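In this text, all values refer to a predicted model and were calculated from it rather than measured experimentally.
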Amino acid sequence: MASANLQRLPRAASVLAENLNLGVGVVRTVITLLDKDNTVPFIARYRKEQTGGLDPTVLRHIQAQYEQLKSIKERAESVSKKIGEKLTPEIKNSLNNALTMEEVEEVYAPFKKGSKGSHAERARQLGLGEPAELLLKNPRNVQLVKLVKPDTEGIKDVKQVSLGIQHILADVIAKDSSTLSSIKATLERNPVRIESSLSRSATKEKKKGGGDKKYEQYHGFNMPVSSLKAHQVLALNRGEQNKVLSVKLTIPKPVEGQFLSHLHKTWVPCDAPGQIQKLFRTAVDDAYNRLIKPKITRQSRSSLTKQAEKESVDLFMMNLYRLLLTPPMRGKSVLGLDPGFSHGCKLAVLGSTGEVLETRMIFPFGKNANVGQAKNTVVDLVLKHSCEYVAIGNGVGCRDAETFISQLIKQRELAPLDIAYCIVSEDGASIYSASPEAAAELPSLDTSLRGAVSIGRRLQDPLVELVKIEPKHLGIGMYQHDIPDSLLRGALDGVVEDCVSFVGVDLNVAGVSMLRRIAGLNDKKAKAILTWREENGAFTNREQLKAVKGIGLKSYEQCVGFVRIMNNSRLHSNAARPSASGQCSTADNNSKAEIVVLDSDEEVKMAARGRKRKGESAEEEVKKKKKKKAAGKQEFCPDPLDMTWIHPESYPVAKSAMEMMGVLPEQIGQPLVKAAIDGFLQTRKIEELAGKFSVGTPTLQHIIDGLRQPTDHDIRVNFQKPLFKRNVTSLEDLRPGTQLSGRVTNMTSFGAFVDCGVGRDGLVHNSNMGRFKGRVGLGDLVEVTVRNVDIAKQHISLILKDISSAFNPQLLVSVGTLSQTCA
């Protein structure tokens with residue numbers, strides 16, 4: 001499959017390498033890996049030698065652009081077949097070199113069913129193509145009057161003949177590569193401008209005293225496209241779509257004059273008869289006004305939108321990486337609080353593992369307020385269940401709920417507990433609460449109370465809870481609802497897969513919502529894993545995954561490195577116990593017993609058809625089914641390496657390395673292993689060892705880090721923890737120059753929004769980021785200075801003074817870096 005795709009897309013690697021500023025060889029390698037159905041997390045973590053250690057964000061860009069090129073190529077091939085006999089070498093070449101879908105559709109437009117074809121195409125059909133070519137070569141040798149056919153519409157007089165040849169000449173000029181290169185070069189120095197104004201309907205509404213004021217800054221907007229920001233492009237597009245704005249692109253007058261002068265000098269023959277010169281001048285003007293100018297403005301607008309969408313998606317992806325990798329508050333009991341006025345505040349007490357212990361409803365504010373009852377309820381729940389944190393949703397009533405909780409803490413109503421609260425984003429919580437997944441997970445709870453549970457669990461383990469919600473509903477994007485759903489969904493699903501895979505799951509604890517996000521798995525395979533667990537008990541060895549229906553060799557290869565089998569799940573009844581000799585009493589990892597691997601339902605059907613062809617009896621079929629069932633229940637010895645991120649394909653090297661370093665399998669992850677490995681590596685270079693084991697240095701480093709890394713290590717500990725508070729500050733207390741600490745809650749192309757604990761996020765505009773511009777991101781803890789406060793509009797302008805972290809996607813891949821950090 002890989003070679004076939006590379007043959008169909010010979011320029012793919014070079015095009016992508018140029019677009020992404022990467023080496024052609026590396027891009028070609030990544031494409032080959034993708035064509036062999038390898039997932040991005042698998043490539044990023046286990047194929048670092050081949051990719052040069054590219055991080056998952058870069059790999060995602062390669063994957064997305066490669067898929068786009070494949071779609072364009074498929075469409076071009078389809079168009080070639082539809083054009084059929086009319087497909088000329090020139091048209092075929094245009095389709096083969098097309099890099100956008102718009103280019104393909106532009107070539108195909110004249111041939112679409114019901115289309116009359118372009119003016120030039122119709123003129124050529126009348127037999128004017130050859131005379132036009134002769135006119136370009138030798139203007140003196142063509143006499144228009146001889147081309148007249150009085151009985152044929154379109155060439156029945158000299159005027160119609162001239163018009164037909166003009167259209168052909170204009171088509172040739174407009175498609176000439178040097179002509180297009182000339183105007184593009186001119187526009188680089190003096191770019192196209194974009195203008196916007198109120199639409200007619202919006203102008204009428206404004207005169208009546210109404211209208212949408214969101215787009216006021218774009219009334220009379222005029223700017224070169226080279227200076228536009230992504231959020232401005234998306235805002236203009238939305239305003240135009242909502243019929244509030246009228247938007248147009250214009251080519252500067254000096255550029256037009258300069259370019260038309262160049263065209264006339266290039267295309268109008270100075271030694272031709274006056275009638276022919278006039279025909280050429282008319283053709284040049286027609287080519288520019290009817291073909292070139294609309295094409296340039298159309299392509300500029302399309303390019304602007306695509307680039308803005310790409311920047312918006314990239315920003316959303318980075319925000320999502322940061323949000324999903326927020327460190328969990330494991331082992332902590334939490335009180336989840338979903339604020340509300342008329343319907344009260346919903347409370348849910350969650351145990352240390354997320355189980356719902358108790359739920360209540362209180363009215364600490366609003367028209368139905370009962371402050372005394374609310375206070376008693378909260379104090380009772382917190383003390384009864386020894387809650388350590390309160391998670392407050394950031395929706396309507398958040399500020400009042402925060403004040404209520406902070407007063408309880410200040411008045412020491414919750415003593416002797418030293419409790420703190422945290423503001424948690426509740427975006428998407430209402431969607432989850434009403435979902436079938438929530439109904440199945442929390443069947444006994446009312447929909448409104450499920451929101452409080454979700455808010456509390458988002459603090460305990462953000463990743464586990466947030467994967468249940470479609471990413472675009474998480475409130476961390478910029479104009480995400482204006483971006484094509486397919487583009488956004490594909491990118492964000494990839495981020496979720498990366499985060500879940502790199503954080504990993506315990507194979508015996510994870511549910512469908514987590515398992516389906518693991519590289520190589522999907523919803524169907526995740527459910528099959530749960531079914532296997534229900535029928536056979538806990539997994540004791542990664543090899544048993546091969547017996548799960550739907551998980552074939554490729555699926556196993558892709559997912560197995562991202563699932564772990566922890567000690568606490570090895571104590572189930574189906575765990576085979578070693579004998580005195582150290583061998584498993586049933587079958588160990590190297591057992592020769594057959595495991596039936598079914599890669600998909602289609603493969604099952606193929607196998608069934610094969611049995612029919614072979615004429616197998618019903619009895620033989622039953623025997624095979626029993627054999628498969630026995631294989632599924634086969635017992636395996638626990639393997640300590642299954643608790644690490646080391647891929648089974650590297651187990652032989654890992655075991656040889658352990659033997660060489662004097663490390664026992666049961667010691668994996670213990671401090672003495674780190675000491676033994678460090679001592680061993682003091683006298684030997686890892687590059688030499690890699691050569692001895694015939695593996696790459698990155699792979700051996702990954703193995704060594706996996707051996708000395710604590711088995712319960714979580715890569716999220718390296719990212720910013722939630723911001724906990726005990727008191728509240730009022731917006732009215734702020735003055736220019738006030739120093740505040742806060743946490744970045746959202747990133748946009750124009751700046752960062754920061755929660756400073758005043759009930760309203762402040763904005764640090766890009767111009768106020770100083771030396772931190774480009775380094776700050778969602779989740780960062782920051783120090784800011786208040787620049788300006790508008791209490792009426794609830795606007796806070798901030799200046800960034802310091803940040804405590806900068807996100808590095810490479811942390812997702814480099815387990816070595818992570819293990820050294822935690823050790």
Side-chain angles (χ1 to χ4, degrees), residues 55 57 229 231 311 314-329 389 392 394 399 402 406 420-425 459 462 475-478 715-790 794-812 814 817-818 820-822:
D55 68 57
T57 54
K229 307 298 183 186
H231 69 276
E311 287 184 29
D314 288 349
L315 188 63
F316 201 139
M317 288 171 64
M318 190 56 66
N319 284 344
L320 187 57
Y321 270 123
R322 286 172 168 266
L323 180 65
L324 295 181
L325 293 173
T326 302
M329 295 293 107
Y389 298 118
I392 303 174
N394 68 342
R399 185 63 172 171
E402 183 182 7
S406 68
Y421 68 87
C422 179
I423 305 300
V424 177
S425 170
L459 181 61
I476 54 170
M478 180 184 71
I715 69 168
R716 290 174 289 177
V717 300
N718 296 275
F719 300 96
Q720 284 292 354
K721 292 179 172 60
L723 181 63
F724 291 103
K725 299 186 288 183
R726 288 182 171 81
N727 51 54
V728 64
T729 305
S730 171
L731 183 66
E732 287 73 16
D733 296 335
L734 299 184
R735 298 288 184 275
T738 302
Q739 305 287 317
L740 296 169
S741 297
R743 185 182 183 85
V744 177
T745 57
N746 195 17
M747 284 297 301
T748 68
S749 63
F750 54 85
F753 287 94
V754 179
D755 174 14
C756 297
V758 296
R760 190 76 179 181
D761 287 356
L763 173 65
V764 180
H765 192 271
N766 286 336
S767 59
N768 293 318
M769 287 189 181
R771 61 191 175 92
F772 298 108
K773 186 176 179 181
R775 292 172 53 194
V776 66
L778 188 145
D780 280 342
L781 300 181
V782 295
E783 300 294 326
V784 295
T785 299
V786 176
R787 181 173 180 270
N788 185 43
V789 183
D790 188 330
Q794 298 280 289
H795 288 176
I796 311 168
S797 176
L798 303 170
I799 300 172
L800 183 60
K801 290 300 181 183
D802 197 12
I803 62 175
S804 58
S805 77
F807 181 75
N808 179 9
Q810 191 66 27
L811 288 177
L812 295 174
S814 181
T817 302
L818 296 176
Q820 290 161 21
T821 300
C822 72

Query raised in the report: Would you say the ring centroid of Tyr421 lies under 6.0 angstrom from that of Tyr389?
Result: no
Rounded to the nearest 0.5 Å, what separates atom [atom1] in [X] from atom [atom2] in [Y]?
X      : Y      : atom1 : atom2 : result
Lys229 : Ser749 : NZ    : OG    : 8.0 Å
Arg716 : Thr326 : CZ    : OG1   : 9.0 Å
Leu740 : Lys801 : CG    : NZ    : 12.5 Å

Considering all heavy atoms, the nearest [X]-[Y] contact:
X      : Y      : answer
Gln739 : Thr785 : NE2-OG1, 3.1 Å
Val789 : Val786 : CG2-CG1, 3.4 Å
Leu315 : Met747 : CD2-O, 3.1 Å
Ala752 : Met769 : N-CE, 3.5 Å
Pro722 : Cys422 : CB-SG, 3.8 Å

Flag the pair [X] / [Y] as yes when at least one side-chain heavy-atom distance between them is below 4.5 Å, and no otherwise.
X      : Y      : answer
Phe724 : Met329 : yes
Leu763 : Leu798 : no
Asn394 : Ser425 : yes
Val424 : Ile392 : no
Phe753 : Val744 : no
Phe772 : Asp802 : yes
Ile796 : Leu734 : yes

Ignoring hydrogens and geometry, is there a side-chain-to-backbone donor-acceptor pair from [X] to [Y] under 3.5 Å?
X      : Y      : answer
Asn319 : Ile476 : yes
Ser406 : Glu402 : yes
Arg787 : Ser797 : no
Asp761 : Thr745 : no
Arg322 : Leu778 : yes
Arg743 : Asp755 : no

**Report entry** Residue pair Ser741 / Glu783, side-chain donor-acceptor N/O under 3.5 Å
**Finding:**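 A pair is found: one side chain offers a donor N or O, the other an acceptor, under 3.5 Å apart.
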Requested in this report: Go through Val784 and Ile799 one step at a time and tell me if the side chain to side chain contact (heavy atoms under 4.5 Å, CB included) criterion holds.
Outcome: CA-CA 5 Å; Val784 295; Ile799 300 172; over 6 Å; no
Report task. Kindly determine whether Asp780 and Arg775 satisfy salt bridge (Lys or Arg N to Asp or Glu O under 4.0 Å), including the steps that lead there. Result -> CA-CA 10 Å; Asp780 280 342; Arg775 292 172 53 194; over 6 Å; no
